Structure formats: C-alpha cells, structure tokens
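To start, the structure itself, in structure tokens.
A quick note: this is a predicted structure, and the numbers were derived from the prediction, not measured.
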Amino acid sequence: EFEVEIMRKVIKIIDFMISLSGILASLFIFFTCFFVTWGIIARYFHLSAHWVEPATIYMFIAISFLTISSTMRANEHVRVDILTSKLPKQAAKILDTCLMLFCVVFFTFVTVVTYKMFLNSWVLKTKDLSILQVPIWIPQLFVVIGWCVFILSLLRYIWSIWFDEATINEDQVVGEE
C-alpha cells in the first residue's frame with residue numbers, strides 16, 4: 001500500500017509535467033497561428049514581417065517535442081500489434097514492457113546527446129542564420145525538455161501496463177469511465 005501511494009504521487013507529478021508541456025505546446029500553436037496570420041496580412045500591405053518564418057519554425061519544433069509525451073499518455077502513439085494481439089495477455093505485457101524499456105534506454109541516450117548539443121550551443125553562444133539571430137540553444141532546449149518528459153511518460157506507460165489505471169488514479173472509481 002505504501003509503494004502504491006508513492007507511485008500515485010510520482011504519477012501525479014509526471015502527469016503534471018505532461019500537462020504542462022501540453023499547455024506550453026498549445027500556447028505555441030496559438031502564437032504560430034497568430035504569427036502566420038500576421039505574416040499574411042503584413043505581406044498584403046507590404047509590411048516587413050521577416051521574423052515570422054523563423055519564429056514559426058522554432059515554435060513548430062517546440063510543439064513537436066512538447067506533445068510527444070501527451071500522445072504517449074493518451075496511448076495514441078503508433079504501434080504495430082500484429083504480434084502482441086496473437087500472444088497470451090501475460091506474454092504481451094512482458095513483450096510490451098521489454099519494448100518500452102528498450103525505448104527508455106534509447107531515448108535516454110538521445111536525450112543525453114541532445115543535451116550535450118544544447119550545452120555546446122549555450123557555451124559557444126551559437127546563433128542561427130536567420131534575420132532574428134536566435135540563440136540556437138532556445139529551440140534545442142525545447143527538444144531536451146520534450147525528450148525528458150517523454151521518457152517520464154514511457155515510465156508511466158510501463159507502470160500502467162502492470163497496474164490497473166484505477167490503481168494509479170486515486171480519484172477514479174473502479175469501473176467508471
């Protein structure tokens with residue numbers, strides 16, 4: 001019971017981080033729409049809006065990486081279940097767990113490499129070649145954050161494979177949808 005209580009708190013923290021990254025991505029989507037609309041209007045009136053393209057590109061990068069964990073939590077990720085659908089339930093759970101553990105190891109490696117790239121850009125004060133001269137560490141930071149939260153969502157997913165979601169979510173009544 002004590003371990004379950006600790007896991008509930010850990011899951012709540014992970015869920016909060018996933019929700020926070022989703023909210024941040026939603027804000028970036030809003031600003032991307034606003035900036036693109038402004039770019040169209042500015043072009044029509046022959047106003048300068050050279051900043052729109054690089055700003056929206058960097059926001060798309062942030063959106064992409066910040067929403068990966070939300071997709072994982074919602075169990076909407078791409079998966080091929082040809083093999084697992086033919087296996088007994090317990091064997092499918094073991095295979096799914098092994099695959100997710102492999103993903104945790106792989107994406108931890110990717111996160112470390114991405115973090116080193118971010119740190120290098122920070123130290124060298126590297127800037128992009130656009131008119132904005134954006135420090136390149138800014139979009140790289142969102143990639144690192146996205147990968148970190150994604151790894152946490154993978155761990156959350158592994159927990160949900162072995163324990164009923166009602167065990168994780170204390171507010172939910174068993175059998176309630």
Side-chain angles (χ1 to χ4, degrees), residues 1-30 32 56-122 136-177:
E1 184 64 35
F2 178 71
E3 293 86 9
V4 172
E5 200 58 40
I6 289 175
M7 280 313 297
R8 281 185 186 152
K9 289 180 182 183
V10 170
I11 295 299
K12 278 189 174 190
I13 292 169
I14 292 172
D15 283 344
F16 175 75
M17 293 173 77
I18 293 170
S19 296
L20 195 61
S21 68
I23 290 168
L24 190 56
S26 299
L27 287 172
F28 284 144
I29 290 170
F30 171 78
T32 299
T56 55
I57 288 171
Y58 290 138
M59 282 193 272
F60 267 117
I61 291 169
I63 292 164
S64 300
F65 285 93
L66 291 173
T67 55
I68 295 171
S69 57
S70 297
T71 305
M72 190 71 197
R73 180 177 64 182
N75 206 15
E76 296 291 328
H77 55 284
V78 176
R79 62 185 309 138
V80 180
D81 61 354
I82 295 170
L83 179 61
T84 55
S85 64
K86 308 244 186 285
L87 292 173
K89 190 173 183 176
Q90 194 67 12
K93 286 169 84 170
I94 292 170
L95 179 61
D96 207 13
T97 302
C98 290
L99 291 173
M100 289 301 128
L101 287 172
F102 173 78
C103 288
V104 167
V105 170
F106 175 77
F107 286 111
T108 300
F109 171 76
V110 169
T111 304
V112 168
V113 170
T114 307
Y115 176 75
K116 287 178 182 177
M117 187 173 59
F118 156 78
L119 201 56
N120 189 40
S121 297
W122 173 278
I136 208 71
W137 65 264
I138 295 172
Q140 290 174 341
L141 176 65
F142 289 106
V143 176
V144 172
I145 291 169
W147 284 136
C148 289
V149 179
F150 178 60
I151 291 167
L152 292 174
S153 70
L154 287 170
L155 294 171
R156 184 196 190 287
Y157 180 80
I158 292 169
W159 176 263
S160 70
I161 290 172
W162 291 98
F163 298 95
D164 187 21
E165 196 70 24
T167 307
I168 296 171
N169 189 353
E170 64 187 11
D171 301 329
Q172 181 182 11
V173 177
V174 178
E176 182 179 272
E177 293 184 5

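With sequence neighbours excluded, the residues satisfying side chain to side chain donor-acceptor pair (under 3.5 Å) with Ser19 are Arg73. Here Phe30 pairs with nothing under the side chain to side chain contact (heavy atoms under 4.5 Å, CB included) rule; sequence neighbours left out.
For the atom pair CD1 (Ile145) and CZ (Phe118), the distance works out to 8.0 Å, reported to the nearest 0.5 Å. To the nearest 0.5 Å, atom CD of residue Glu3 and atom CD1 of residue Ile6 are 6.5 Å apart. Remark: Ile29 CD1 to Leu24 CG distance equals 10.5 Å, nearest 0.5 Å. In this structure, the separation between CZ on Arg156 and CG on Asp15 is 4.0 Å, given to the nearest 0.5 Å. For the atom pair CG of Asn120 and CH2 of Trp122, the computed distance is 13.5 Å after rounding to the nearest 0.5 Å. Here the CG atom belonging to Leu155 is positioned 10.0 Å from the CE atom belonging to Met72, to the nearest 0.5 angstrom.
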Name every donor-acceptor pair, under 3.5 Å, that has one atom in a side chain of residues 61-68 and the other anywhere in the protein, sequence neighbours excluded.
| unit_1 | atom_1 | unit_2 | atom_2 | d |
| --- | --- | --- | --- | --- |
| Ser64 | OG | Phe60 | O | 2.8 |
| Thr67 | OG1 | Ile63 | O | 2.8 |
| Thr67 | OG1 | Ser64 | O | 3.3 |

In residues 92-113, what donor-acceptor pairs under 3.5 Å come from side-chain atoms, sequence neighbours left out?
| unit_1 | atom_1 | unit_2 | atom_2 | d |
| --- | --- | --- | --- | --- |
| Asp96 | OD1 | Arg79 | NH2 | 3.4 |
| Asp96 | OD2 | Arg79 | NH2 | 3.2 |
| Asp96 | OD2 | Tyr157 | OH | 2.9 |
| Thr97 | OG1 | Lys93 | O | 2.7 |
| Thr97 | OG1 | Trp162 | NE1 | 2.6 |
| Thr108 | OG1 | Val104 | O | 2.5 |
| Thr111 | OG1 | Phe107 | O | 2.6 |

Taking distance alone, no hydrogens or angles, what donor-acceptor pairs closer than 3.5 Å link side-chain atoms of residues 136-143 to residues at least two apart or in another chain?
| unit_1 | atom_1 | unit_2 | atom_2 | d |
| --- | --- | --- | --- | --- |
| Gln140 | OE1 | Ser121 | OG | 2.7 |
| Gln140 | NE2 | Ser121 | OG | 3.4 |

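The shortest heavy-atom contact between Ser21 and Ser69 is OG-OG, 3.4 Å.
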